[in-house]
Amino acid sequence: MPELPEVETTRRGIEPHVRGRVVARVRVREPRLRWRVPRSLSRELPGQRIDAVRRRAKYLLLDTGAGSALLHLGMSGSLRLVREAMPAGPHDHVDIVLDNGWSLRLNDPRRFGSLLWTRGDPLEHPLLAGLGPEPLGAGFDGAGLHARARGRRVAIKPFLMDSRTVVGVGNIYASEALFRAGIHPARAAGRISLARMERLAAAAREVLEDALRAGGTTLRDYSDVEGAPGYFAQDLRVYGREGLPCLRCGAPLRAIVLGQRSTYYCARCQR
DNA sequence: ACTGGCTCCTGAGGGC
DNA sequence: TGCCCTCAGGAGCCAG
């Protein structure tokens with residue numbers, strides 16, 4: 001579930017509580033996430049001070065002198081800060097217990113998330129090494145999108161959701177960005193002009209920034225570190241609005257499936 | 001190299 | 001009420 005705004009909201013929420021703290025221990029109740037939580041994490045993270053809390057794509061990185069914990073929330077994951085003694089509930093799979101009595105608690109009903117440990121530069125980890133640019137960073141623009149799309153027949157929406165194109169744009173924000181840019185989600189990526197790709201890059205950045213300001217989008221189970229929802233759901237213009245009038249032209253919004261993912265758009269405004 | 005499809009898992013919601 | 005079906009915010013991996 002979480003896309004970039006939700007992961008970044010989580011990062012900002014935990015950073016002041018976690019940075020500079022020493023990990024007292026790691027409690028793994030259920031190691032069977034997307035990949036098994038490695039024993040090296042429980043062995044090597046305790047005793048380490050967390051020097052930085054970073055985000056790359058939808059991965060959170062907890063950096064220490066000995067290595068980095070690499071955390072992904074998958075579709076249904078969330079992090080909470082709780083008192084260490086707080087009884088664990090269903091799907092509370094892992095606690096990273098800090099030296100001040102607080103715990104970073106990972107809850108993930110579907111277990112599509114992951115928690116890994118890497119000793120080297122985490123950005124060189126195989127899961128991160130091939131990722132495209134950050135959408136809110138300097139390396140993302142229309143020219144890059146246009147160059148990368150050259151000759152590609154894949155629909156623009158799954159192209160935009162491909163983490164080698166740009167990271168952090170998930171199913172909600174892909175539909176929202178294409179609506180804002182006026183581009184039909186099924187249009188072949190290679191058949192979009194440079195000028196329209198520039199609009200798309202700007203639209204993607206804007207929708208992610210707007211969502212970040214609202215604390216992310218809560219559809220069902222996303223919540224921030226304090227347990228509060230994100231408020232961007234009320235600002236979604238097309239996602240989940242099949243049959244409702246387009247906010248721009250009034251035509252009923254449509255839903256199709258692209259790349260096995262629900263896609264929402266206005267057939268009149270998006271070409 | 002691209003493309004599309006499958007997969008992991010639990011829970012919510014709708015229809016009957 | 002209960003049962004069954006479909007769908008869900010990700011993304012790595014595979015076959016063709």
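Note: hydrogens, waters and symmetry copies are ignored here, and every other heavy atom, side chains too, is used. Chain letters run A, B, ... following the sequence lines, proteins first and then strands; every chain starts at 1.
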field: Cluster overlap Leu128(A) with Leu71(A), hydrophobic side-chain contacts below 4.5 Å
entry: no
- request: May I have the distance from Leu79(A) (atom CG) to dG9(C) (atom P), rounded to whole angstrom?
  value: 21 Å
- request: Would you indicate what Tyr59(A) reaches in the nucleic acid, counting non-hydrogen atoms under 4.0 angstrom: base, sugar-phosphate, or nothing?
  value: sugar-phosphate
field: Atom-to-atom span, NE2 of His72(A) to C1' of dC9(B) - whole angstrom
entry: 16 Å
query: Counting only side-chain N and O atoms of Arg34(A), is one of them less than 4.0 Å from OP1 or OP2 of dG10(C)?
result: no
- prompt: The side chain of Tyr239(A) lies closest to which of these nucleotides: dA8(C), dA11(C), dC2(B)?
  reply: dA8(C)
query: With both distances under 3.5 Å as the test, what is the Watson-Crick or G-U wobble partner of dG2(C)?
result: dC16(B)
- request: For nucleotides dT3(B) and dG9(C), find the distance between their P atoms and express it as a whole number of Å.
  value: 22 Å
field: Among dG9(C), dC13(C), dA8(C), the nucleotide that comes nearest once only the side chain of Leu219(A) is considered
entry: dG9(C)
- request: Take atom P in dA11(C) and the same atom in dA1(B), then report the distance between them in whole Å.
  value: 23 Å
query: Any idea which of dA11(C), dC2(B), dA8(C) is nearest the Met75(A) side chain?
result: dA8(C)
query: Using a cut-off of less than 4.0 Å, is there contact between a side-chain N or O of His91(A) and OP1 or OP2 of dG11(B)?
result: yes
task: For a ring pair (Phe, Tyr, Trp, His ring centres under 6.0 Å) with Tyr264(A), tell me which candidate from Phe179(A), Tyr239(A), Tyr173(A) qualifies.
output: Tyr239(A)
query: Under 4.0 Å: is that the gap between some side-chain N or O of Arg261(A) and OP1 or OP2 of dA8(C)?
result: no
task: Check the distance between dA8(C)'s C1' and Glu3(A)'s CD and give it to me in whole angstrom.
output: 12 Å
query: Expressed in angstrom and rounded to an integer, what is the separation of Ile172(A) atom CD1 from dG10(C) atom P?
result: 7 Å
query: Nearest to the side chain of Leu127(A), which nucleotide is it out of dG12(C), dG5(B), dT10(B)?
result: dG12(C)
- prompt: Asp63(A) and Ser68(A): side-chain donor and acceptor closer than 3.5 Å?
  reply: yes
message: How many whole angstroms separate atom CZ of Arg164(A) from atom P of dT3(B)?
response: 10 Å
query: Should dG9(C) form a Watson-Crick or G-U wobble pair with both distances under 3.5 Å, which nucleotide is its partner?
result: none
field: Arg205(A) atom CZ: more than 12 heavy-atom contacts under 6.0 Å
entry: yes
field: Distance, rounded to the nearest Å, where Asp162(A) contributes CG and dT3(B) contributes C1'
entry: 11 Å
message: Tell me the interatomic distance from Met161(A), atom CE, to dG9(C), atom C1', rounded to whole angstroms.
response: 9 Å
message: How many whole angstroms separate atom CG of Leu208(A) from atom C1' of dG9(C)?
response: 13 Å
- prompt: With a 3.5 Å cut-off and just heavy-atom distances, do the side chain of Arg111(A) and the base of dC9(B) make a donor-acceptor pair?
  reply: no
Given dC8(B), dG4(B), dG9(C), the nucleotide with the shortest approach to the side chain of Glu6(A): dG9(C)
task: May I ask whether Leu33(A) and Leu116(A) are part of the same hydrophobic cluster, defined by side-chain heavy atoms of I, L, V, M, F, W, Y residues being less than 4.5 angstrom apart, directly or through others?
output: no
Salt-bridge contact Glu226(A)-Arg80(A) (side-chain N to carboxylate O under 4.0 Å): no
field: Centroid under 5.5 Å and tilt under 30°, Phe112(A) to dA11(C)
entry: no
Given dT3(B), dA11(C), dG5(B), the nucleotide with the shortest approach to the side chain of Lys58(A): dA11(C)
